[in-house]
Amino acid sequence: MTLMDKVVEATEEASPARRVRGGGWLLTVGLVVALLVLVPVAAGLGAYPIPTGDVLGSVLHKVGLGGAELERVPESVLWNVRFPRIVLALLVGASLGCAGALMQGMFSNPLAEPSVIGVSAGAAVGAVGAISLGLNFLGTVTIPAVAFVTGLATVLLVYSMSRAGGRTEVVTLILTGIAVNAFAGALIGLFLFFADTAAVNQITFWQLGSLAQATWSKVLAVLPFAVVGLVVAPLYSRRLDLLSLGERPARHLGVDVERLRVVLILVIALLTAAAVGVSGIIGFVGLVIPHLLRMAAGPGHRFLVPGSALAGAVVLLAADLVARTIAAPAELPLGVLTALLGSPFFFWLLRRTRRRQGGWA
Amino acid sequence: MKLLRSRPTPPPPSEPGDVLAEASGLHVRLGGREVLQGVDVFARAGEVLALVGPNGAGKSTLLGALAADLPAAAGVVRIHGRAADEWPAAELALRRAVLPQAASLAFPFGVDEVVRMGRAPWAGTEGEDEDDVAVAEAMGAAEVAGFAGRPFSALSGGERARVALARVLAQRAPLLLLDEPTAALDLRHQELVLRVCRERARAGDAVVVVLHDLGLAAAYAHRVAILSGGRVVADGAPEAVFEERLLSDVYRQPIEVFPHPRTGAVLISPVRDS
């Protein structure tokens with residue numbers, strides 16, 4: 001199948017005949033509205049407050065639709081500090097949400113998530129290695145690129161280790177995640193041990209998960225990874241639906257399961273690398289978001305995959321806004337905040353899954 | 001836009017008697033054990049073929065091989081005249097539909113959505129226009145229209161089995177492979193499923209169905225293949241192959257075969273001396 005075929009298929013999937021459940025449209029509209037409100041608010045709030053009117057004025061001026069340029073300081077704060085951070089939060093959030101939805105679909109398992117099963121940690125090994133060894137062979141793209149390679153290796157490892165007979169048992173998946181997280185932690189520790197003081201500081205800060213050092217060059221570095229992942233992912237929604245019947249029934253319905261698997265692993269690694277490469281490990285977004293959307297609008301991946309990207313972007317932007325304003329002038333690491341909120345959810349999910357299955361086989 | 005895509009081509013209509021699936025000299029190995037040891041069997045359009053035999057005889061394995069799920073260790077499986085492993089998945093999906101023994105679903109899709117998944121192979125072909133009709137018809141035939149809006153996960157075992165059957169019927173493939181479709185069903189729905197098989201055969205499909213209930217096989221199959229120890233030990237019309245000595249031997253249990261007092265149809269019962 002050529003790319004053209006896929007694009008055609010994707011547009012047809014969006015046609016009204018293949019309807020998304022009613023809840024999907026409402027949610028999409030709600031999320032888009034939330035995004036439109038949040039962006040100017042987040043741009044205005046902070047140590048140097050800028051009125052929302054001024055923010056809009058400056059944006060209008062930049063795109064040449066009237067408005068007015070601000071004074072030198074607020075204009076610089078807005079365009080060199082706030083906006084790159086907002087764009088980065090949106091990219092990272094969309095990547096994490098989307099990767100979570102894809103992963104749960106690929107494993108046919110609602111507990112799969114990049115940070116839970118160790119893929120984020122695997123990507124982090126690459127990123128930390130690149131920082132501590134001072135690698136720079138691809139310029140600013142080096143860190144996300146190395147994170148992509150190690151993330152890809154980790155997805156492959158987890159996938160091959162946790163599957164048996166075409167199925168992924170919850171216990172096996174979680175235990176594999178523990179093992180992979182432990183090993184990745186050890187490797188990161190090793191890199192820290194050999195790194196110089198400056199690199200150690202950078203790594204420690206980065207490990208907590210934060211967007212504080214956002215710049216336009218970082219945005220550009222992860223943009224290709226995030227964009228490719230986010231564009232390709234929805235093309236496989238329908239096949240993910242069929243995969244929930246099981247691998248064999250999916251094949252009976254014409255899905256080339258082997259190829260689907262390869263593509264999904266690549267896309268998940270791209271998205272995880274995009275997120276981890278700039279912001280460290282921000283956990284649980286990819287777990288919580290697809291779950292909430294599934295409850296609200298049903299499990300169909302045609303809404304779930306793009307919807308999780310959109311909701312992930314909104315949630316991470318909001319979380320980052322909270323993280324940098326709640327304890328001002330100090331800043332709460334974003335990864336700490338999401339873990340604080342996400343872990344209890346994970347706990348609840350474990351209990352619920354266990355109850356449903358009547359134990360862990 | 002449709003011209004741009006390399007979509008699978010639907011199969012040409014088949015004539016009654018056309019062989020749609022066939023195994024010759026088929027050996028299949030699973031986990032080091034030779035489960036099928038030289039099986040010859042064929043499924044014809046317009047005919048219901050029942051596979052029967054004791055546990056572990058290789059019925060499901062044979063069905064899996066005919067579905068192109070399992071590779072042949074020796075011998076060959078042909079589907080619509082072409083070797084099973086030469087078909088791309090998308091083409092095969094328009095030619096054969098498979099009902100697995102147990103239906104599972106990872107996420108809580110609605111019943112109507114599950115049945116509609118059976119239409120996936122037709123996306124982008126002319127058959128796509130029939131989607132709604134095919135789904136409604138399949139749901140009617142399997143008697144699942146009553147709970148179309150409920151989530152699959154909230155159904156009982158028997159209801160799930162019928163939803164899975166409806167999905168397979170909606171696929172409208174000319175070769176139907178059903179693995180124990182009656183296992184979880186009550187008496188009424190067992191009869192219903194086998195009647196559906198007969199109807200599909202009358203409409204020109206080839207139906208292969210794994211059954212444990214020999215009475216059902218005798219009543220509804222045009223032809224029965226008895227498997228034992230990985231081989232076909234009898235293949236023919238039910239009246240011809242359901243013979244006391246053979247069945248008692250194959251099942252290692254005394255079995256009697258006698259005519260129904262009113263209709264004369266073949267009845268099969270284990271011998272119970274009390």
Side-chain angles (χ1 to χ4, degrees), chain A residues 1-13 15 17-21 101 104-112 165-168 170 238-260 290-291 294-295 298-302 304 353 356-357, chain B residues 1-8 31 64 67-70 87-110 112-114 116-125 128-129 131-132 149 151-153 163-164 167-168 170-171 173 175-177 179:
Chain A
M1 211 189 295
T2 64
L3 185 65
M4 192 61 196
D5 291 339
K6 283 173 190 158
V7 173
V8 172
E9 191 171 85
T11 47
E12 280 190 4
E13 278 177 13
S15 74
R18 312 231 148 283
R19 84 224 179 285
V20 173
R21 267 196 214 173
Q104 292 170 17
M106 178 173 99
F107 282 98
S108 288
N109 191 317
L111 291 172
R167 287 192 58 227
T168 314
V170 179
R238 203 165 180 195
R239 274 163 272 191
L240 279 172
D241 282 353
L242 299 180
L243 201 59
S244 67
L245 292 167
E247 279 189 14
R248 227 175 232 189
R251 203 173 289 129
H252 294 152
L253 289 167
V255 178
D256 186 341
V257 176
E258 317 301 320
R259 239 200 29 197
L260 176 64
H291 263 280
R294 212 178 278 123
M295 284 177 194
H301 288 88
R302 266 161 283 175
L304 194 65
T353 311
R356 232 178 236 178
Q357 294 186 341
Chain B
M1 287 298 265
K2 279 193 178 169
L3 292 174
L4 291 172
R5 15 189 358 182
S6 54
R7 273 290 155 194
D69 286 340
L70 302 171
W87 284 106
E91 299 272 346
L92 212 46
L94 295 176
R95 285 164 176 79
R96 62 97 179 84
V98 186
L99 180 74
Q101 224 171 67
S104 68
L105 193 63
F107 300 109
F109 283 97
D112 50 345
E113 293 171 297
V114 174
R116 199 165 278 275
M117 287 180 192
R119 297 303 297 169
W122 296 92
T125 70
E128 199 174 10
D129 303 336
D131 279 5
D132 293 332
F152 184 82
S153 45
V163 172
R167 170 176 69 72
V168 168
Q171 201 174 336
L175 171 63
L176 273 174
L177 305 169
D179 198 351

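What you see is a predicted model; the values in this text were computed from it and never measured. Numbers restart at 1 for each chain; the letters A, B, ... are given by sequence-line order, proteins then strands.
Annotation: salt bridge (Lys or Arg N to Asp or Glu O under 4.0 Å) contacts of Arg251(A) (sequence neighbours excluded): Glu258(A).
The aromatic rings of His301(A) and Phe107(B) stand perpendicular to each other, their planes meeting at an angle above 60°, with 30° marking the opposite boundary.
Between chain A and the options Ala90(B), Ala89(B), Ser104(B), heavy-atom pairs under 4.5 Å are most frequent for Ala89(B).
Sorted by first and then second residue, the salt bridge (charged side-chain N to carboxylate O under 4.0 Å, His left out) pairs involving residues 93-108 of chain B (not counting sequence neighbours) are Glu91(B)-Arg95(B).
Minimum interatomic distance between Ser153(B) and Pro108(B) (heavy atoms only, all atoms of both residues): OG-CB, 3.8 Å.
In this structure, no portion of Leu92(B) lies under 4.5 Å from any heavy atom of chain A. Heavy atoms closer than 4.5 Å to chain B are found in the backbone of Val255(A), but not in its side chain.
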